[in-house]
Amino acid sequence: MLRYILTRLGHTVLVIFGISIVSFIFLHLSGDPVGLILPQDATLEQIAALRKKMLLDDPIYLQYFRFLTSALQGDLGRSIYSHQPVVGMILERMPATLELAFAALAIALAVAIPAGVLSAVKRGTWIDTISMSLALIGLSMPHFWLGIMFIMVFSVQLGWLPTSGRGTFLQLIMPSLALGVSLIALFARLTRSAMLEVLGQDYVRTARAKGLSDFSVIGKHALRNALIPLVTVIGMEFGFLLGGAVIIETVFAWPGVGRLIVQSILDRDYPVVQAAVMMLAIVFVTVNFVVDLLYVWLDPNINIDGSAA
Amino acid sequence: MTRAEDQSPLLEIDNLVVEFGRVGSVRRVVDGVSLQLAAGETLGIVGESGCGKSILSLSVLGLLPSGARVAGGQIRLAGESLTGLSERSLRQIRGNEISMVFQEPMTALNPVIAIGEQIAEVFRTHQNAPRKAARLLAVEALRAVGVGSPETRVRNYPAQLSGGMRQRVMIAMALACRPKVLIADEPTTALDVTIQAQILELFRELRQEFNTSVLFISHDLGVIAEVADRVAVLYCGVVVEEALTADLFDNPRHPYSRGLLAALPQPDAEEVPEQLFEITGTVPAPDALPDGCRFNPRCPLATDRCRSEAPPFLTVGPAHRVACWEAGHGQ
Ligand SMILES: Nc1ncnc2c1ncn2[C@@H]1O[C@H](COP(=O)(O)OP(=O)(O)O)[C@@H](O)[C@H]1O
Ligand SMILES: [Mg+2]
């Protein structure tokens, strides 16, 4: 088990290292920062001087090494406009984004797992048909559109919920729901098919033969096995949540990293964009590491030799 | 060995019919089976694969797969009918008064739950044992079926155990609440020969210790001979012969029983009784049953009557009954 965790940790570090290389390359391809920093009419001498000052004439591996060392010290450069360190700007907004993403994930799981289980258990009945039709509809609605619809109905028409901002629970409802709906649909369908497969297994029959209640047979013996494929997908879909947050945060004026990214793209504030993307990627990789740990808990057979039995 | 004769049956299956499918395409896979199991008795049920042994055994606890239903007959435990019971009442019997052990110990245990917990939940369900007590009872249950160092074994998952060990766990689980009846559906079929012998030995020991009645199902008469007091031979959902184990081996009446016996490895070639023969062909599907006696297309003794009229189940000796037109004349 320890070996498994260390292996996964090793992978995670390796992937973050890879992300740093890709980020560095993109930073490089996005153009000469000197041109952005200096005014349009700067002289060649001024440009050359700044290049020298920023050590841009060094070989590329040396520049990457410097980038990596300062990144490891928490320095990913400064905003071209505000001249603030970008890491600080991003960290300040990260909690809002994580709050949104995890709220959406929690809503998705809380609705999808019971719905998927119920559909599987009541397979072929109207409950199954209705919940799976709803899932299909949910899957086909883009979240930004859903967000706008929510605002129009619940804020503008009914006046129940605030249109934007962060701070209160009421403000969290619409953005997290808009972000979570398609995941509800996806997870519900996944839970249903995993449950259908598991319900036909011999060990479910054994559990019944022992005289256990339906709640225990389904909620314990079947569900624990059905959750294993679901957990894999959660890790993957967290990337979708972070990507979706970029748009949803803009729709709901949610003060997170996503909104910062959009604003910085419009401002051509590349260091901010690049660092924000890199940090979201690190969040994504970290979440996947946690998911791998969850696996150990769900599927004890992983413990045995570091791979699934 | 004749305990069956002098006691009223503990488990009674009376003219049971189990069907699959909807009106128009109904397949009867159990067709009028009647069996009695006395207290402390082990009744073997033998027949080739597809004869309906598993469906018959699952119907006792109301665990039939979806699509199957009991279409007629009664099942009684100590005189109380099980066939009309609600799910709720059945749950109190399952694992408590009647338990099952299945063929595949690999897939019959939950792969993601520790075996100790899988046993302990039986105690919690039926005896209201608190968590800690149930855990200790699980350790004792494992010890009772010959699992070494049960204190540490309880934390194992099925994948960490050998096939024989898993089957011991299944048996420990089934016997946890000292059921009156244990139904074992091919409990040794998936195991290799030495392990099979150990598990059969365990069945004999446990019977002596707990006096549990056992319905022991196998396609292998050799296995049945090791444990059963009495044997019922099942063919295409019908009991074709029923006898004390020794009688069936000494004096098999139904050509199908003789065929099954002939298929056993003979320890002493000179003693092969001449009335034995190889069965050819395969079990017909339940939707393609022949008229008359169901065995007639594969039977070397079949006559015109066998092909048109199903034979009655007649007594031919003490505790010995057979459904065959020719069996009575053959001896
Ligand atoms: N889930 C099922 N759906 C449809 N038919 C089934 C199912 N299970 C068993 N049967 C049919 O019922 C008959 C008896 O099967 P089974 O009781 O499993 O035989 P045995 O245990 O003697 O090998 C077979 O013809 C089989 O095809
Ligand atoms: Mg079977």
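Here the structure is a predicted model, which means the values were calculated and not measured. Labels below follow one simple rule: chain letters A, B, ... track the order of the sequence lines, proteins then strands, and each chain is numbered from 1.
- Within 6.0 Å of atom CZ in B:R69, more than 12 heavy atoms from other residues, nucleotides or ligands are found, so the atom counts as buried in its surroundings.
- Most heavy-atom pairs under 4.5 Å with chain A, from the set B:L109, B:L61, B:N96: that is B:L109.
- For chain A, the nearby part of B:M173 is the side chain; its heavy atoms alone come within less than 4.5 Å.
- Note that NE2 of A:H221 and CD1 of B:I113 are 4.0 Å apart. Values are rounded to the nearest 0.5 Å.
- Chain A forms the most heavy-atom pairs under 4.5 Å with one residue out of B:R94, B:Q103, B:Q92, and that residue is B:R94.
- Heavy-atom neighbours of chain B within the stretch residues 174-204 of chain A, taken at a separation under 4.5 angstrom, comprise A:D202, A:Y203.
- Interface remark: B:R88 contributes no atoms to any contact with chain A (heavy atom separation under 4.5 Å).
- Minimum interatomic distance between A:G211 and B:T125 (heavy atoms only, all atoms of both residues): O-CG2, 3.6 Å.
- Contact count against chain B (heavy-atom pairs under 4.5 Å) is highest for A:S213 among A:A222, A:A207, A:S216, A:S213.
- For B:I183, no part sits under 4.5 Å from any heavy atom of chain A, backbone or side chain.
- More than 12 heavy atoms of other residues, nucleotides or ligands shown are found within 6.0 angstrom of CD on B:Q127.
- Proximity to chain B is limited to the side chain of A:I228, based on heavy atoms less than 4.5 angstrom apart.
- Residue-environment remark: CE (A:M141) exceeds the threshold of 12 foreign heavy atoms within 6.0 Å.
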Worked verdict on A:K220 versus B:N110 for side chain to side chain contact (heavy atoms under 4.5 Å, CB included): CA-CA 10 Å; A:K220 179 174 170 188; B:N110 196 319; over 6 Å; no

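- The number of heavy atoms from other shown groups lying within 6.0 Å of CZ (B:R143) is above 12.
- For the atom pair A:R208 CZ and B:M100 CE, the distance stands at 14.0 Å (nearest 0.5 Å).
- Nearest heavy-atom pair, A:N225 versus B:P111, reported as atom, atom and distance to 0.1 Å: OD1-CG, 3.4 Å.
- Residues B:A108 and A:T206 share a closest heavy-atom pair of O-OG1, 2.6 Å.
- B:Q118 and A:K210 get closest at one heavy-atom pair: O-NZ, 2.7 Å.
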